[in-house]
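One structure is given here, and the rest of the page talks about it.
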Amino acid sequence: MSQMNNTTPPKVFKRLLSWMFPTSSTEEIEGDLNEDFYYNTQNQGHFTARLKYAFDVLMLVRLYFRMRSKNRKPTAMQNLFFFHFKFGLRAIYRQRLHQSINIATLTLGFSCFALIFLFVYNQQQKDNFLTEPERIVRLGSIAEWGEGAGSHVGIGQMLANELPGIEAYSNVSTSIVEIKTLNGNESFTETITNGLPSLVDIFQLEIIRGENIKSGIKSILISEKISQKLFSSLDVIGKELTLISRGNETNYTIAGVLKDLPVNASFSVDILKLFAMNESYYDLNSNIQVSYPAYFKVATNMDIDQMARKIPELLQAHTSSESLLSTQYVFRTLDEIKSNIDASDNFVEAIDGQVLFIFSVVGIVILLLALANYINLSAALSLRRVQEMCVRKVMGASKKTIIIQQVIESFIVCFIALILTSLVIFYFTNRIENYLDIPLRIPSNIIGWVILITFLGLITLTLIASLYPAVLVTSIKFSDFLKGKITQSPKGKLIRNLLLVIQFSISASLIIGTLTFLKQLSFIDEMHHTAKAGEVLILKGKIGKNPEVIKQQLNTIPSINKISISSMVPGPNDNSRGGMGTKDFESGFDFYIVDENFIDVLGLDIIQGNNFYNDEKGSETDFLINESLATMIKENPIGKSFDLGRSTPSRVLGIVRDFPVQTIKEKIKPTAYFLRRSNGDSDNSLNKVAIRFEPTDLKKTIAQIEEVWRSVYPDQPFDLEFMDDRIRRTYTAELKMGKVFGAFTAVAVLISFLGLFGLITYIVQVRMKEVSIRKILGANFLSLAQLLTRKIWYILILASVISFPLAYYLLQFWLESFAYRTEITAEVFITTLILFMAIVSMTIFWQVKRVTMLNPAEVLRNE
Amino acid sequence: MKKTGVGEFEEMVLLTICVLDNSAYAFSIKTEVEARTNRKLNISAIHTTLYRMEDKGLLTSEMGESNSIRGGKRKRMFSVTPFGIKSLSEIKATRSKLWEDIPAMILKELKS
């Protein structure tokens, strides 16, 4: 036994050797080593022999690679990946029409999905750089007309002093000003934020140079971005800037530089100026109420609801003002502020949660559409290659090889689409960002994840899209095919048609959605008469006892046509109070104190009855009501008198067409328009001047108006707004969303039709031989078209049956969020159907035309 | 002179294969070279040299017989290709040309 052991080489190395050179063409190495070992044992003893054997085996490792590559003969056939790749490219080129449709749809689908993902992600990641964002709250006031973002400036100050749990407080307002450097010629238009020094603390702004602003000094903070823009450096402390606001130039010293906020901030502070108000505005008992958003930083773990409940109690000690005491106060967290688009201030940007949801759904739907399309078309394409597959199989390709080839082909297609997508995204993100004013960035901390998920997605997609057709193809009995029993496999027809039905249903729903959306938008536009509103300016301020003074002065300006002074004007809320109930109108209504020009200046319509003083000098107790209020009165209200809590009953003079007051999602409030009392009793509430002007020299007109305003009310800020801007503010979000939604729908529909086009082309090509024979036998264009497309019509009808009710219910649900909504009428569905049929017919016509133009002999000779 | 790319050790192995004529395989080449040069060689060094020269086209090979010492594994018998012979003779010609051109005085010293 020991003898035997002595004469055998080390087992481990022996095994290693036979593992390295397993084939018979390299067996001589093992033999040579054995022989060498045998003689070495005899000459030098078994220990040295074993050592040498081991050494030799290790030295032979370098031969291992050489032998491996040498044994793979012929090399080209062995490297199957390379071959699959080459064949894949060749096959894609051969089907370039269909494959480019595939690539186009995938690119469209991926791009839309990626853009929507970026949009939604950016919205959801807003402000994630803030630590403890729940400690930032805003004081909101809930009056009868709804919730407002602002509150009396005095309340904030009072709460900061007296409510326990508040660490910092600042009012915030934003304004747009021109700025220029002290001796520079160029001026820039920038948004400036007015706030108290504590704003820096509340919103966790970082002063990287200099110090915070102080009250009493005309100092400002600027962001790095502004600093670079104006001075091209950050060494700007102590330099001066000129701010030009409504013609007034004021110099400010730069106290410090703020670190730029991350792109995903929902607020922006480029220039921070001290929020300064006349001391009297902070007086809670004053009859001037100036409201601005008030932000607080609360202590950790405070119950803000409980804190808010203490406010009325505290207020009672300071004021007797009915309007302040009757308002309900709440603290809103940053998240609530951002999601409540109805009560938004200009500082923290709010976003409609419903918009995000709809966009996410559309994004996923588009991606699914593109995928369904791709799977469908590639399955159809690979079925056409059954013959090729059969020949391959006969030549010795295994099932595995055929599947691998499919996978590689689909990988190439998906990969090209992915590269195109990244190009599209790089090209479009900036443009969309600028157009919609929303950030679409990939924060650097998730770039790794995005890349990983993209690649996982690519692999999954490749597998799904290729395995289905591969399984279809490989399950065909090749012998049957070669015997000529099957020319085209019937397999997978059901799934293909099903996918087509789903695609069409989704597209139809999206088209219906877009049409309804457009209808709703034009409905809203119609409601607002925005065309007329462009010639109306709104001045805001405390008009006070003597409205005639400003009225007369303004009337001297030649370009002004008509002036109306009132307590409120339609548009987004501006903290105007209203709402009262009487025994005749229990649910309460807004009341406007207006003058006789109000209806004309604002371009409202009287749909029934008369305007004030139209033909006869009416009484001051006459009033107008709007449609909403009129519907509360059962019989015809014209000429009827109602007890409105005034000294004498009031008579209804006419009915005014409804006009939205706040956002378009809110119901129009019942409104009564009362005439200003000539004795001046109601003058306290007058704080709007509506001016209808000749739009010839706008700048001059505004300058003249400002001059008048400053001479009449030197202590009040000049606050001017265009009526159409004011109205549009109520539905900007919807307008933008409408456009983007329309674009995405167009993409989805395009994807569906590209898919349809591909499939029709496929069907026609497959049946080319049949069509040619039919043509020879005398079939005409119509009968051929009918033959080729009958199934498509069935699919279309089925898709309509599925999608129409579905779309109807979803849209009903969506429209319910609008107070005034258009009807979903049959014409929307009919338009969709016609649109669909038109496109389908065009595709079919083009294809069938092509077939019928061909010389049938050409086709038949090919076989 | 055209570069043959044949190293000193390779030349030795090639010549040995010529000497061994029909019985040249790795182990016999190893013992032959060892005997003639008084050098200890590793069989793996012979293997790598042989396969490298085969790749270069200097050698050709075929499988031969086997025996029990070899554990039943066959030998790979090597023979020099015409290209190998040509390379060898080129080397030899270069050498002899050099020898011829050595001045007589130095040649005398070398021979002594």
Taking atom CG of B/N38 as the centre, report whether more than 12 heavy atoms of other residues, nucleotides or ligands fall under 6.0 Å from it.
no
Go through B/T31, B/T48, B/I46 and name the one with the most non-hydrogen pairs under 4.5 angstrom from chain A.
B/T48
NZ/NE/NH1/NH2 to OD/OE distance under 4.0 Å, B/R74 and A/E27
yes
Before accepting this row, confirm whether a basic side-chain N of the pair A/D32/B/R70 lies closer than 4.0 Å to the acidic partner's carboxylate O.
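Salt bridge between A/D32 and B/R70, a charged N being under 4.0 Å from a carboxylate O: yes.
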Check step by step if side chain to side chain contact (heavy atoms under 4.5 Å, CB included) holds for A/I29 and B/Y51.
CA-CA 11 Å; A/I29 296 177; B/Y51 294 125; 3.3 Å; yes
Quick check: do B/N42 and A/M59 have side-chain heavy atoms less than 4.5 Å from each other?
no
B/F27 vs A/N34 side-chain heavy atoms within contact, under 4.5 Å:
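No - every pair of side-chain heavy atoms lies 4.5 Å or more apart.
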Verdict with reasoning, A/Y39 to B/I69, per side chain to side chain contact (heavy atoms under 4.5 Å, CB included):
CA-CA 9 Å; A/Y39 288 106; B/I69 296 174; 4.1 Å; yes
If I take atom CG from residue B/N67 and atom OH from residue A/Y38, how far apart are they, to the nearest 0.5 angstrom?
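One finds 9.5 Å between CG of B/N67 and OH of A/Y38.
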Measure from the side-chain N and O atoms of A/D56 to the backbone N and O of B/S44, and report whether any donor-acceptor pair falls under 3.5 Å.
yes
Could you tell me which non-hydrogen atom of B/K75 sits nearest to which non-hydrogen atom of A/E28, and how far apart they are?
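What the structure gives for the nearest pair is C-CB, 4.0 Å.
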